[in-house]
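First comes the structure, then the notes that go with it.
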Amino acid sequence: MLRSKMILMAGAFAVALAGPTSAAFREEAPLPPPRPADLAPSATPTPAASPPSLKAPEKADQTCLTKLIASGAGAEAATVQQPIEGCGISSPVRLDSIALANGDVVGLPDGPILECAFALVFADFVRAIVAPLGAGTVGARVDSIETGPGYQCRNRNGLPDGKISAHAKGLAIDIFAIRFADKRRVALAHQDGANEASYVRATRAAACGWFTTVLGPGADLFHANHMHLDIESHGSNGSYRICQ
């Protein structure tokens, strides 16, 4: 009898101890909250969207520059300043020289900075028109061309307002004078003799087939001492040309 009571008392004591201990454990170490569905192990995470490629323009620039150099031009990649809205060149290059098919080289001492696509057009114009016409009309090899800087972040004709210039987009170049191997300098503003005058007229007329804008002495006061060439689009369909 005594033994049975002792067993019952021991069991009750054990139950009394077990109850509070389990409750305390539940309070001190609660179960973690359920994981959100999108973080559950069974869920497949959605890959982050890839950022737009920043190398495509660089690849396009390099492709054009490679083509320009392969054509025989002395050129290198350049950078430009954009102090006002509307200025800038997507593929700026500095053009230092243009090699001809016969191995001669026409220098560009001003090192004009141009849009690469425009530099390709201008280089072809020098090879096909400026150099051979000079040799045939003036009777001497074209040595170099004075062009000015090419890129200029400004409005047309340098006015304080108005439309942005094609120079501000690298799509224009000016020819002030052409120098020959015999030391002659034929300026666009003035020529000595009939041969030099014929050369300038022929070069200017031919330019109208290569560029969308050709302005020179006589066109207006802003172009009295040089010939402006650009490939900026004109008109609703881009086919309009200015040749003055």
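We use all heavy atoms of the structure for the numbers below, so side chains are in, but hydrogens, waters and symmetry mates are not. Residues: numbered from 1 along the sequence shown.
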On a heavy-atom basis, which atom in P92 and which in I113 lie closest, and how many Å separate them?
CB-CG2, 4.3 Å

Ignoring hydrogens and angles, tell me if any N or O in the side chain of R184 forms a donor-acceptor pair with the backbone of V138 under 3.5 Å.
yes

Please work out whether the ring planes of F176 and H226 are parallel, tilted or perpendicular, with thresholds of 30° and 60°.
tilted

Do R127 side-chain atoms and S71 backbone N/O form a donor-acceptor pair below 3.5 Å?
yes

V130 and V106, any side-chain heavy atoms less than 4.5 Å apart:
no

So, R154 side chain and A168 main chain: donor-acceptor pair closer than 3.5 Å or not?
no

Given side chains that start at C-beta, do those of P112 and H167 come closer than 4.5 Å, heavy atoms only?
no

Do you reckon I89 sits in the same ILVMFWY cluster as I231, going by side-chain contacts under 4.5 Å, direct or chained?
no

Please walk me through it: do L229 and W210 pass side chain to side chain contact (heavy atoms under 4.5 Å, CB included)?
CA-CA 9 Å; L229 309 171; W210 289 76; over 6 Å; no

Determine yes or no for a side-chain-to-main-chain donor-acceptor pair under 3.5 angstrom, with R141 supplying the side chain and A135 the backbone.
no

Side-chain heavy atoms of C153 within contact of Y151, under 4.5 Å:
yes

Is it true that E115 and K169 have a side-chain N and a carboxylate O under 4.0 angstrom from each other?
no

To the nearest 0.5 Å, what is the distance between CG (D174) and CG (L188)?
9.5 Å

Backbone N or O of D230 within a donor-acceptor pair of the T212 side chain at under 3.5 Å?
yes

One should read off an interatomic distance between L171 CG and L114 CG, to the nearest 0.5 angstrom, of 9.0 Å

Any side-chain heavy-atom pair of P109 and R179 under 4.5 Å
no

Checking side chain to side chain contact (heavy atoms under 4.5 Å, CB included) for the pair F180/V142: CA distance, chi angles, key distance, verdict?
CA-CA 4 Å; F180 290 82; V142 172; 3.6 Å; yes

For the residue pair A181 and D143, what are the closest heavy atoms and their distance?
N-CB, 3.8 Å

For the side chain of N195 and the backbone of S198, is there at least one donor-acceptor N/O pair under 3.5 Å apart?
no

For a quick test of reading the model, state the closest non-hydrogen atom pair linking A189 to A224 and the distance between them.
CB-O, 3.8 Å

Would you confirm whether R156, through its side chain, and K163, through its main-chain N or O, come within 3.5 Å as a donor-acceptor pair?
no

Please report the C-alpha distance between R185 and E146 in whole Å, then the side-chain angles of each, then the deciding distance to 0.1 Å, and finally whether the side chain to side chain contact (heavy atoms under 4.5 Å, CB included) criterion is met.
CA-CA 10 Å; R185 179 181 183 271; E146 298 175 17; 2.9 Å; yes

Is there a path of hydrophobic side-chain contacts, each under 4.5 Å between heavy atoms, that joins V126 and V121?
yes

M227 and L95: same hydrophobic cluster, using ILVMFWY side-chain contacts below 4.5 Å?
yes

Group every Ile, Leu, Val, Met, Phe, Trp and Tyr by side-chain heavy-atom contacts under 4.5 Å, then state whether L108 and I129 land in the same group.
yes

Under the criterion side chain to side chain contact (heavy atoms under 4.5 Å, CB included), I'd like the reasoning laid out for I164 against C87: C-alpha separation, chi angles, the key distance, then a yes or no.
CA-CA 8 Å; I164 199 78; C87 293; 4.1 Å; yes

Evaluate the side-chain proximity of I175 to F122: yes if any heavy-atom separation is below 4.5 Å, no if none is.
yes

Same apolar cluster: L100 and L133, side chain cutoff 4.5 Å:
yes

Just verifying a value: how many Å separate R94 CZ and L65 CG, rounded to the nearest 0.5 Å?
13.0 Å

Distance (rounded to the nearest 0.5 Å) between T213 OG1 and R241 CZ
9.0 Å

Is there a side-chain contact between T203 and F125, using heavy atoms and a 4.5 Å cut-off?
yes

Approximate separation, where rounding is to 0.5 Å, of T63 OG1 and L68 CG
12.5 Å

Can you name the nearest heavy-atom pair linking A177 to A187, along with the distance?
CB-CA, 3.9 Å

